Undergrad: 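Dropping a structure here in structure tokens format, bear with me for questions.
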Amino acid sequence: MTFGSTGKILRVDLTHGSVGIEEFDEELYRLYPGGKALAAYLVLRNIAPGSDPLGPANVLVLANGLLTGAPLSTATRFTAAARSPLTGGYGESEAGGFWGPELKLAGFEAIVILGRAEQPAYLWVHDGHAEIREAWHLWGREPEEAQSLIRQELGDKLVRVLQIGAGGENMVRYAALINDLRHFNGRTGMGAVMGSKNLKAVAVRGTGRYVDLAHDPQMITEFGRQLAKRVKEHPQSWDLQVKGTPGLVSGLNAGGILPTRNFHQGAFEGADKLGWEAYEKELLIARRSCYACAVRCKREVAVNDRYQVSSAYGGPEYEAIGGFGPNCGIDDLQAVAKANELCGRYTLDTISTSASIAFAMECFEHRLIGLKATGGIELRFGNAEAMLKMVDMIAYRQGLGNLLAEGVRRAADVIGGEARDFAMHVKGEELAMHDPRGKAGVGLGYAIAETGADHLVAYHDTMLQNPASITFKGAVPLGITEALPARELSGKKAAQYALLESWSSLGKVIGFCYFGPAPRSFIQVDEVVSAVKAATGWDVTVEELVRVGERATNLARVFNIREGFSRKDDMLPDRLFTPLENGALAGTALSRDEFEQTMTELYRIKGWDPTTGAPTVERLRALGIEWAAGMLGSH
Amino acid sequence: MRLHLGGHLSWYDPQKRSWLELPLSQPVALIELVRQLELPVEEIAISAVNGHAVSLEEVRVSDGDRVELYPPIGGGGGLCHRAVRHKSNP
């Protein structure tokens, strides 16, 4: 008897217009229990080597976390995965909201979407059934309108809609997916993949009950009540509710690691205008939640002042504030909120969009692109109007926007010369708004992550500097024993990073938000284990769960190796090895020698070949995925 | 002086404030002030006075100063030594 899972995967072939249901057994479930692990397994099994990311041979997988749909705060997330049109490697991004839980209650753990519809289509999934429907009337419409039309058509206001806007339809290489108009699978271009398939939306409605699936529903329900009560009693979850991620701006600025003007600087003179207090005053109208989550860290905003900002698409998180604010040299919070709203409207990743604009601003200031290329726009750091115009041009691929829609790596190759030095990316994915010069472990993550420069690939090493801190104590049950300075690069740091990476990966397998489990927030390591036991009935340990996280990462790594990636792709932009120009860490840079030595040690710890970066057969065998070694080719 | 409690440090203030107005008749060691306010020293990763990073253990603050304290999540690390050098070699 399987608990905690419906055991069903929906398989949709858009080319042939067919849908089918596959069942998976307990053995598969325990190896790949959901989210990132299930998605990586399905991507590796279903996508043929060398498939065009924007062609019909790419496969889009939407996979729920193991606990997604359980009435537990922060267990809301699902994974979207495919071959990334931005990097050419394994693409993946998680989103919270309500769509994942609804899919679970509709009876499915995952959806595998193959082929390409001949004309615009959307998928309607409800209580164990699915059908492909015509979507000419939805194509070209903004998400708010499309969601309303779909709900009207299906006669149910509670239908949850995952969809794309103009960015996805126009295959901007970093287009996102949006659900409920305010939750995003932001990174690696999953929206472009959906657009390439002529698929506008996946609408879902389920009337099942999670407790009917769980091994110990009473424990799950009681644990959910405890977590809801704990939110205000725990400093970290309280902080997320009251200040939210905008609360990061002032601390990062004081610490000298607030990415500013395309990562030249670490402190921004206008940071006070962009913090959470300014946010409350100028933007905030309400706090919102994801499914069953008592943290309520999401923001609803509205502005009717210098800019008109609709409340429909949710408020900017730290990444959008950092990206459109300091990293573009802009101190106008309303302009930042407008850019964030446009990214919602067009379904664009706020990180890659803002980073592409910051890159273009630097190119303009160095006269690598001129007014002719920008269409007369003075694309300088600090020009908010120019920044907003570029978001429009990217979404609709107009003028310079058509080039920036390709991402900074491709854009730099076209512009040539110094532009390559200005392109802040790893594997083609633009850097998130965290500077490894102040937290070196984030640099290891940017470099080694299968998806590119992602900030959620591991827990940040700033949390583990003081052995008496809440965050350090929260990580001790993982086997972390020694506090290390955030800027240290060493064998010890590599070992610590490897654990934090596998634990973060497990969060994506289970469906927990990054702000759920320790060390980042209020759910303790042993409680995560207990919740998995209660859901599944398995007698699991934290070691087994960490291994599940590691297994998922290795599957994604195998995908990249199969597509021709190697250690040479695990490189950081040169700028991070040059000193920060201002702020508390002025003069500080990563040491290239220390970085490379630490990376070599990290490959060894991970059981990966330090020359090729490929997992060894021994490690794959130890992780129970020896079959994947057959996909490594000559490596 | 004005004291900013960044991130979750506000949680430890009985009134959950982010900004505290503290009149000081004479300069005082910041670490003493932190202890008097019963703030958890182990949760403070970054300290800044008037926009400059400082060492929590060594700096003294005066009336009129703007003092900011942040927990580790919001900021970088290992700032203290450099900040001390910065203060002595402006």
Side-chain angles (χ1 to χ4, degrees), chain A residues 232-240 242-243 245 247-258 266-267 269 271-272 275-277 318 434-440 442 459-473 484-488 519-521 583-588, chain B residues 2-20 30-31 34-35 37-57 59 65-87 89-90:
Chain A
K232 285 185 166 52
E233 296 167 358
H234 194 286
Q236 289 170 275
S237 44
W238 174 87
D239 177 41
L240 285 163
V242 173
K243 302 181 183 181
T245 60
L248 293 171
V249 174
S250 55
L252 291 170
N253 191 53
I257 49 172
L258 181 67
E269 63 279 5
D272 279 354
W276 74 274
E277 287 151 311
Y318 162 71
H434 298 270
D435 196 321
R437 284 169 285 192
K439 31 188 178 181
V442 172
Y459 290 92
H460 295 195
D461 37 5
T462 37
M463 299 179 206
L464 301 173
Q465 299 183 97
N466 187 329
S469 65
I470 304 172
T471 41
F472 185 90
K473 287 192 273 194
L484 300 173
R487 285 179 12 232
E488 177 172 317
R520 180 60 181 91
S521 195
L585 293 181
T588 303
Chain B
R2 298 191 76 208
L3 176 64
H4 178 57
L5 302 179
H8 69 251
L9 296 178
S10 303
W11 185 87
Y12 295 94
D13 175 60
Q15 296 168 57
K16 303 280 187 283
R17 290 171 294 180
S18 291
W19 285 98
L20 282 69
L30 181 54
I31 187 73
V34 164
R35 289 192 181 120
L37 293 168
E38 297 183 5
L39 295 170
V41 176
E42 67 277 8
E43 295 300 318
I44 300 172
I46 297 168
S47 315
V49 176
N50 300 325
H52 295 286
V54 296
S55 162
L56 174 65
E57 308 288 337
V59 75
D65 281 344
R66 170 182 148 132
V67 180
E68 298 165 73
L69 303 176
Y70 294 98
I73 291 160
L79 305 175
C80 297
H81 298 303
R82 197 194 162 276
V84 171
R85 282 204 305 275
H86 178 77
K87 252 187 109 60
N89 300 300

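Predicted model only: the values in this text are computed from it and were never measured.
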Undergrad: What's the spacing between Asp239(A) CG and Leu248(A) CG if we round to 0.5 Å?
TA: 8.0 Å

Undergrad: Would you say that Val242(A) contacts Ser10(B) through its side chain, given a criterion of any heavy-atom pair below 4.5 Å between the two side chains?
TA: no

Undergrad: Heavy-atom distance under 4.5 Å to chain B: side chain of His434(A), backbone, both or neither?
TA: neither

Undergrad: Any chance CD of Glu38(B) has more than 12 other-residue heavy atoms, nucleotides or ligands included, within less than 6.0 Å?
TA: no

Undergrad: Need one label for Glu233(A): side chain, backbone, both or neither, based on atoms under 4.5 Å from any heavy atom in chain B.
TA: backbone

Undergrad: Pick one of side chain, backbone, both or neither for Glu277(A), based on which atoms fall under 4.5 Å of a heavy atom in chain B.
TA: side chain

Undergrad: Only counting residues at least two apart or in another chain, list the ones meeting side chain to side chain donor-acceptor pair (under 3.5 Å) with Glu42(B).
TA: none

Undergrad: At a heavy-atom distance under 4.5 Å, which candidate from Thr245(A), Asn466(A), Leu464(A) has the highest pair count against chain B?
TA: Asn466(A)

